[in-house]
Every structure is written in structure tokens, then in C-alpha cells.
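For reference, the structure discussed in these notes is given below.
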Amino acid sequence: MPKTIGSTEFRKMILFGAKVLEINRTKVDSLNVFPVPDGDTGTNMSLTIQSAVRELGMCSSNRLPEICDAVSKGALKGARGNSGVILSQLFRGMCSEIKTADEISIKLFAKAMENGTKVAYSAVSKPKEGTMLTVARLMSEFARQSAPKYKEFDAFLEDVIKKGEEALAQTPELLPVLKKAGVVDSGGMGLLCVYRGFLSVLRGEEVAEEVSEPEMQKSDEDVFGDNSDIINLDLGEIEFAYCTEFFIINLKKQTTLADIDKLKEKLMNIGDSVICIGDLELVKVHVHTNNPGLALFYAVELGELDRVKIENMLEQNRLLRAKQEAEKKEMGMLAICTGEGISSIFKDLLVDRVIEGGQTMNPSANDIAAAVQKINAEHVFVFPNNKNIILAAEQAKALVSNRTIHVIPTKNVPQGFAAALAFNSESTAEENKTDMIHALDNVRAGQLTYAVRSTNVNGFSLKEGDIIGLDDKKILAKGDDIGQTMLDLVEKLKDSSHEIITLYYGKDVKEEDAEALAGKLAEKFPDCDVDFHYGGQPIYYYIVSLE
């Protein structure tokens, strides 16, 4: 494994960092980001680093100084949104340290990370902890302190990433809005994606998927970003109406770096959300202000203006709210469950949103309320799918003022499926609620799991590890064989009205075993149609539904 990094490896690290980030872009986009919920952090960061990749592609030299200049310039030119700008400044600070060396040692890379963090913090007028800045800082601090202990570069970078993962997990504790939404900072996650790409190069691993070819013709959004991460959704809270962005090019000979800093101070006096970054070749400016002309006047004293863009955020806000209101529907559905397959089935049944929760992980009333808020509907039907979650779902009603929550008291997943199937978009909310509740009576459900301790309960003498079958009230069967215990459980659950038996097998069950069990059930209960599906749920080998 390498002890140092040369120019070829560093170039490849940037390319692979871009690939891994693009592969995970949708996942990063799906998180909520401070200060307002948005869905474009991954996209902004990916397009930022792809701009660096484009610039690298035009760099014919394989010397570190030229490569570093290309990365810095490309990232700055393509920086989108707050997250993209921060990423570009991390690269700028790192590259300024690296470019003077012939090769990159562990100690130099750690120093570069530290400088990147310093430059990124200075680029943001009011840095917030709990964001990607925090993740970058804690990673760089660990790198600086630990660098002397490492001889192999990949081992060093692997531990740096682990530190970053720890820092990312702590972001909800630093930003209440993240904790309330139940997510980590998306920018921090995006940064870790880039570092994982770096590590794959050092390990000689290939990234399975390719980055889609970026468009060569760049729109204003490609250059500046679409500002959806900085538009305040409350019209009354917008103090500065105009989002003003531009580049300063061909800077005057007498312009100094101190002049750029002074420009930033002037902009902060006439607005907020100030970004003023660059060097004596290129400066990128972003400011929210009520006097965009004054911002341009200050800037033109330093050089020529290019790609000037001024947007009325008040009007953007009105359009966003009007769009949201126009797209609002009368009714939506929220399901709580665990298991990839179970979640997919709910989505196939047109449930708008699924949040994770079950027997061992009950979501809070606040978690449920936050999920309801993300469904753009007047009425939201909530399927708890567990008797221990019903009360929290009821309490969520008090936390939501702009939606009407209807809790359908589903005690298990099959009841949740039945309720979702009963939904009719042509009916009223009250009619749907009545139909959904009635649908629960047509389902009998059971679960198959194992005993975690020895005890006597429901007339059974159990020892740890016994296979047990139960409904929502009590244990109905026990044994030492999964298949046989399931047959016994179904026999206890079934009555003459049941015509359909459906198995949902868990993550620890093989598909062929589920298929074999379904065959045995069909033989034992020939009056029923038997089917099986992947549920992916933990703990429970099977969930069974009888209808």
C-alpha cells in the first residue's frame, strides 16, 4: 500500500471522489438540510466537483501544481449553492498546500485538510456547526493529530473517514432542525462520499458505476445554483429581496487580496448570505441584498463583472408557495414499518411516505408529525402497524396544525396493507377512514420469531432459542423448527372464512425456504390460495396474513 501520493494518484482521487458522490447523489438529495428542507445538496456538490473534473480534463500537464490549479479553478467556477461553495473552498485550501510538493505525504495531506477547513470556514459569513463544516473540521483535526502514527496512506484515510462518520452522526445534536427531522447533515454525507472515492483509489478498487457525462453547455443554474437551499419559505421573514450573484474577472493590477476581503465586508453591511471567494484571477460573489446596484458598484472597482444574475426571491417564494398549493391533494397516506420489502409493498400500494419503525424501534410523536408534514395533502391517514405506536401517532395530531391526521389503528403490517388497499381517491376522507377501519376486521395476522429467554407464558414453557408463533395478543405455537412452527401457527389462526394465506419472509430467511414453506401450506390448506413475498423485516422470520 502507498506511503505517499503522486500526481497521477491525486488526479484519479478527484475523479473517483466525483464518481462516488454522483452514485450517492440521490441519497444525499433526499436528506433535509439546514436552514430549510431542500433536495439538491447532493446535486449541487456533484456538479461542483464535476466542474473540477472538466477542468482536469483540459489540463494536459501531470504536475501537481497544474493539477491543483485546475481542481481549484474548476470547483470555484462550478460551485453551486452553499454546499457546493463550501466543497470548492475545501478543495481550494487543500490544493494550495499540496501544489508546492513533488509528492503528497500523510503529514502533508493532513496539513492540507486543515487548511481546507480553515479556508471553507472563512468563506461563510456565519458558519453553523452541525453542517459539513463540522464534519470537515473534525476530520482535519483528527488527521493532523494522528498523521505521525501512520505509515500506510490507506489506513490513515480509512480512519479519517471513520472519524467523519462519527462526526456526521453527531450533527443532529448540534442542529435542532436536523434532530427534529431525524436526519444527519446531507453536506457532511456528501463530503464522506468524496473521501470514500479517494480511499478506493489508494486500495486499487474500481467504482462500479460511471458518472453521467456532464453537459458542456452550462446554464445559469449550472454556474450559480438554483438557490432552492437559501430561499426562505416564509415571505414575512425575507429581509433582503434580491439574490445577487456574479463573477469578477480580469482584476485590475492594483487589486490585492485585501481588497477582496474588504469587498466581503462591504457586502455584509448591505445584506446577508454573503459569499466572496477567489483569488486575483477569479472571484465569485453571492449576496442577498435590497440594493443589488450597490453590490455591483463595489465589485466593479476591483475588476470586470461577468455572468451577473439578480433574482427576486420574494417572487420566487410566491411561485414556490403557489406551486405547492396547486399540487396539494386532498388525501395522502403514511405507513410505519421495518423491512425493505415491506416498505416497497406499501409504496406499490400508493402510500406517499414510509418511515422506519416497529417492535424494537418505536418512532416518536414528533417523528410521525415530521413525516406527515412532508406529505402535501389536506388529510393524511397514518398506519402505525404496531400496537405500541398507535398512541404516539395519536399524539402527533397535536404537533401538526396544517394537516388533518387520521390514525387507522393497524396493529400489524397485514392490517396496514388492508387499510391501504381500501383507499379510494374518489371517496371523502371520512368515508375512507370508515372503510379502512372496517378492512382491518377482514385480516388475521401472525408472526414467527424466537424466544430470547426461558420463561412460562400463555401456557407454554419456553427456553431461550425456541421458535415461537404469535398474534397481536399471545403466543399460539412453539417448536424447534421454523417451518413446522409456522404450520402450527397458521392452523391456530385460520378459520373457515379465510381464503388467502400470504407469507412475508424476513431478511434472515432464504427465498427458496420461503417458497418451500408456501408449498407445504398449500398442501395442508388446499382451500386457500397461498403466496409469499420478500419482507426483509428483522427479528421476525415470517409475517403471515390470512384473509
Side-chain angles (χ1 to χ4, degrees), residues 327-339 341-358 363 365 367-369 371-447 471-473 493-504 528-531 533 535 537 543-547:
E327 293 176 350
K328 192 171 186 176
K329 56 184 181 179
E330 184 181 358
M331 294 171 286
M333 294 184 283
L334 169 70
I336 302 166
C337 68
T338 181
I342 299 294
S343 177
S344 295
I345 293 171
F346 272 117
K347 291 174 183 176
D348 288 342
L349 295 176
L350 304 182
V351 168
D352 297 271
R353 197 168 189 88
V354 178
I355 61 174
E356 189 170 3
D367 294 332
I368 296 169
V372 167
Q373 292 278 28
K374 294 172 185 176
I375 298 175
N376 191 19
E378 184 71 25
H379 299 268
V380 179
F381 301 100
V382 178
F383 311 138
N385 301 325
N386 187 291
K387 61 184 179 182
N388 294 328
I389 300 175
I390 294 174
L391 181 58
E394 291 287 354
Q395 291 177 330
K397 294 179 180 179
L399 303 176
V400 178
S401 59
N402 58 350
R403 307 278 194 280
T404 301
I405 296 177
H406 304 274
V407 178
I408 310 302
T410 55
K411 296 180 180 179
N412 51 63
V413 166
Q415 285 188 339
F417 290 155
L421 282 166
F423 175 72
N424 183 353
S425 61
E426 301 299 321
S427 299
T428 66
E430 285 303 319
E431 289 171 341
N432 269 303
K433 182 176 181 179
T434 299
D435 291 343
M436 288 176 176
I437 292 175
H438 284 164
L440 307 188
D441 297 332
N442 300 324
V443 182
R444 188 83 190 274
Q447 299 169 320
D471 64 7
D472 291 315
K473 297 179 180 179
L493 293 170
K494 186 180 179 304
D495 62 35
S496 59
S497 68
H498 294 138
E499 299 175 346
I500 301 173
I501 301 173
T502 308
L503 291 176
Y504 303 95
C528 290
D529 292 329
V530 180
D531 199 3
H533 301 279
Q537 69 274 5
I543 297 172
V544 62
S545 170
L546 293 90
E547 301 172 73

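Worth saying up front: this structure is predicted, and the values here are computed from it rather than measured.
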Please round to the nearest 0.5 Å and tell me the distance separating atom CD1 of Ile368 and atom CD of Glu394.
10.0 Å
With the side chain counted from C-beta on, respond yes when Leu350 and Phe423 share a heavy-atom pair under 4.5 Å apart, and no when they do not.
no
Hey, are the side chains of Cys528 and Lys494 touching, using non-hydrogen atoms and a 4.5 Å cut-off?
yes
Under the side-chain contact (heavy atoms from CB on, under 4.5 Å) rule, collect the residues that match up with Thr404, sequence neighbours excluded.
His379, His406
Contacts of type ring pair (Phe, Tyr, Trp, His ring centres under 6.0 Å), residue His498, not counting sequence neighbours:
none
Could you list all the salt bridge (charged side-chain N to carboxylate O under 4.0 Å, His left out) pairs where at least one residue sits in residues 417-443, not counting sequence neighbours?
none
Side chains of residues 407-418: which donor-acceptor pairs under 3.5 Å do they make with residues two or more places apart or in other chains?
from: Thr410; atom 1: OG1; to: Asn385; atom 2: N; distance (Å): 2.8
from: Thr410; atom 1: OG1; to: Asn385; atom 2: OD1; distance (Å): 2.9
from: Asn412; atom 1: OD1; to: Gln415; atom 2: N; distance (Å): 2.9
from: Asn412; atom 1: ND2; to: Asp472; atom 2: OD2; distance (Å): 2.6
from: Gln415; atom 1: OE1; to: Lys411; atom 2: N; distance (Å): 2.7

Who are the side-chain contact (heavy atoms from CB on, under 4.5 Å) partners of Leu399, not counting sequence neighbours?
Ala365, Asn366, Ala369
How long is the straight-line distance from SG of Cys337 back to CG of Asn386, given to the nearest 0.5 Å?
11.0 Å
So, do Lys374 and Asp352 sit near enough that their side-chain heavy atoms are less than 4.5 Å apart?
no
Return the set of residues passing side-chain contact (heavy atoms from CB on, under 4.5 Å) with Asp471 (not counting sequence neighbours), or none when no residue passes.
Arg444, Lys473, Lys474, Leu476, Leu493
If you define the side chain from C-beta out and look only at heavy atoms, does anything of Glu547 sit under 4.5 Å from Asn442?
no
Has Asp529 got more than 12 heavy atoms of other residues, nucleotides or ligands less than 6.0 Å from its CG?
no
Which distance, rounded to the nearest 0.5 Å, do you find between the CZ of Arg403 and the CD of Gln373?
5.5 Å
Please report the shortest heavy-atom distance between Ile355 and Asp367, naming the atom on each side.
CD1-O, 4.3 Å
Nearest 0.5 Å please: distance from the NZ atom of Lys328 over to the CG atom of Asn402.
6.0 Å
How long is the straight-line distance from OG1 of Thr338 back to CD of Glu356, given to the nearest 0.5 Å?
4.5 Å
So, for Ile501 and Val544, which heavy atoms are closest and what is the spacing to 0.1 Å?
CG2-CG2, 3.8 Å
Euclidean distance, Phe381 CZ relative to Ile437 CD1, rounded to 0.5 Å:
9.5 Å
Would you check if the side chain of Asp531 reaches a backbone N or O of Thr502 as a donor-acceptor pair within less than 3.5 Å?
no
Using modelled atom types only, decide if a donor and an acceptor are shared between the side chain of Arg353 and the backbone of Val372 within a distance under 3.5 Å.
no
Side-chain heavy-atom pair Phe383, Met436 within 4.5 angstrom cut-off
yes
